[in-house]
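Okay, structure first, notes after.
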Amino acid sequence: MTKKKIFTKAVILVSFISLFTDVASEMLYPVMPIYLQSIGFSVVIIGILEGLAEATAGLSKGYFGKLSDLKSKRVPFIRWGYALSAVSKPMLAIFTYPFWIFFSRTLDRFGKGVRNSARDALLSDESSPENKGKIFGFHRSMDTIGAAIGPCIALLFLYFLPGKYKWLFILSFIPGTIAVLLTFSLHDKKNIPVKPQKRTSFFSYFSYWKTASSGYKKLIIGLLAFTLFNSSDVFLLLMLKHRGFSDLYIIGFYIFYNLTYAALSYPAGIIADKIGMKKVLIFGVSIFAFVYFFMGLAVAQWQFLSLFILYSFYAATTEGISKAWISNICNKEETATAIGLYNSMSSIFALLASSLAGLLWHFFSPDIMFTISGIAAIFIAVYLAFVKIENRIITI
């Protein structure tokens, strides 16, 4: 009997597409808060801007996820989603008007909303329940390698051309375009049955909650509660700035974090397949609690370095693992809808989390903001440890 190939052409292609897209995105991510502050945005407005952009992406993920399931197609959503994100990045350098910045950031996140649920469903379609952790872990690792390369490019660029942020936004169009070109090598499976076409409203995917398994609902409740206290990583970078670190140091920390994150993601997926995704996810949330609790107390460089290393453990054991777990407890033909509903609700909660974090930072202190999130994460880890989540793997 021939052993089934784990890493198919589609999995490898999607992983490289994500890599190049993250090169483009992460060239900008560590300098984004610095750039926005340089053109007059306050920390509160940055938090609201990031939250609104993520909420836009989230609502889109739900709708386009369901549409992907209804049409039994993944590739068109992947292709258009990456194209929108590639175009949006250089737009941030054209004007500095608040409305234009919001439009450009929202277009980038909207592209993410169009593609992500279909992309995650494609990864699920290409894997079996026994290797979901490996597939999602491998993709997350490749994605994060791009997230390390991007800041390296930004670091070199700003070393030779300090303060020239706008040209960095224009440069990001190159890797974004490479990612879009790679999507033309992706093809949908021809043997997938197409459902009878029917009109669907933008928010109709919320009805999936009624038919979802109890295990799915329990897991989503825990993940959303965690999201409510997990603000944008922008605040971690702003904390470094708050402690007096230079732009080059901030980007350096971010590169180091992503390299560690990339190295850990695939092993985390392998471990999750062996010991169970629940144990790995609880470990990740617990690490998050520790990092956030002590982030407000850190002052020295070695302390921040240690916390960023631990934070990479958290990221590697939660991001891909949560989606792999969701795909294992939902009907195969509704994978994009199930992941899309979670992504949608998660982004709405991210809006609240980032806005709340910005307010706590502004009116109280960064220390209080991080401490509250850390304490909340401990309770969520306890919930995940005691709640019983039954797997319901249904194949078509």
Side-chain angles (χ1 to χ4, degrees), residues 10-11 14 17-18 21 53-85 106-127 132 135-136 139-140 143 183 186 188-189 192-213 215-217 219-221 223-224 227 319-351 392-396:
V11 169
V14 167
I17 290 166
S18 292
T21 298
E54 287 299 330
T56 300
L59 293 173
S60 304
K61 287 173 188 175
Y63 173 71
F64 288 105
K66 182 169 184 178
L67 207 59
S68 174
D69 283 336
L70 289 175
K71 292 182 176 294
S72 298
K73 291 184 181 296
R74 311 298 188 200
V75 175
F77 298 95
I78 294 172
R79 185 172 298 146
W80 277 103
Y82 281 109
L84 290 173
S85 290
T106 302
L107 184 64
D108 179 32
R109 300 296 86 186
F110 180 73
K112 187 175 183 179
V114 171
R115 71 179 183 256
N116 270 29
S117 297
R119 182 202 66 198
D120 291 338
L122 184 147
L123 291 173
S124 180
D125 294 341
E126 293 287 325
S127 60
K132 287 279 176 75
I135 296 297
F136 279 87
H139 172 263
R140 178 51 47 189
D143 186 288
T183 64
L186 277 176
D188 280 310
K189 292 181 178 179
I192 299 178
V194 179
K195 295 181 180 180
Q197 295 298 300
K198 57 181 180 180
R199 296 183 65 181
T200 177
S201 65
F202 189 81
F203 295 103
S204 61
Y205 62 89
F206 281 101
S207 63
Y208 175 74
W209 184 263
K210 297 178 182 178
T211 59
S213 66
Y216 174 86
K217 293 176 181 178
L219 176 58
I220 297 304
I221 288 171
L223 291 175
L224 291 181
T227 303
E319 178 68 23
I321 301 303
S322 59
K323 292 179 181 178
W325 194 1
I326 289 171
S327 70
N328 265 354
I329 56 176
C330 66
N331 191 314
K332 184 177 180 180
E333 66 174 4
E334 296 177 314
T335 303
T337 305
I339 294 177
L341 176 59
Y342 161 64
N343 285 335
S344 176
M345 294 300 297
S346 179
S347 293
I348 293 172
F349 277 64
L351 165 61
R392 188 184 71 168
I393 304 169
I394 302 175
T395 55
I396 301 301

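The structure presented is a predicted model; accordingly, all values stated were derived computationally and were not measured. Computed from heavy atoms alone, side chains included, the values below leave out hydrogens, waters and symmetry copies.
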Qualifying salt bridge (charged side-chain N to carboxylate O under 4.0 Å, His left out) pairs with a residue from residues 321-331, counting only residues at least two apart or across chains: Asp120-Lys323, Glu319-Lys323

Pair Ser344, Tyr63: side-chain N/O donor-acceptor within cut-off below 3.5 Å: no

Ring centre gap for Phe110 and Phe64 strictly below 6.0 Å: yes

Distance in Å, Asn116 CG paired with Ile78 CD1, rounded so as to fall on 0.5 Å steps: 9.5 Å

Side chain proximity check, Arg79 to Ile17, heavy atoms < 4.5 angstrom: no

Residue pair Leu223 / Tyr342, side-chain heavy-atom distance below 4.5 Å: yes

Between Ser85 and Arg115, a side-chain donor and acceptor under 3.5 Å: yes

Euclidean distance, Thr183 OG1 relative to Arg119 CZ, rounded to 0.5 Å: 13.5 Å

Nearest-0.5 Å distance that lies between atom CE in Met345 and atom CD1 in Ile221: 10.5 Å

Rounded distance [0.5 Å steps], CG in Leu122 versus OG in Ser68: 8.5 Å

Distance (rounded to the nearest 0.5 Å) between Ile220 CD1 and Ser322 OG: 8.5 Å

Contact check, side chains of Val11 and His139, non-hydrogen atoms, under 4.5 Å: no

Within-4.5 Å side-chain heavy-atom neighbours: Glu126 and Ile135: no

Presence of salt bridge, Arg140 and Asp143, under 4.0 angstrom: yes

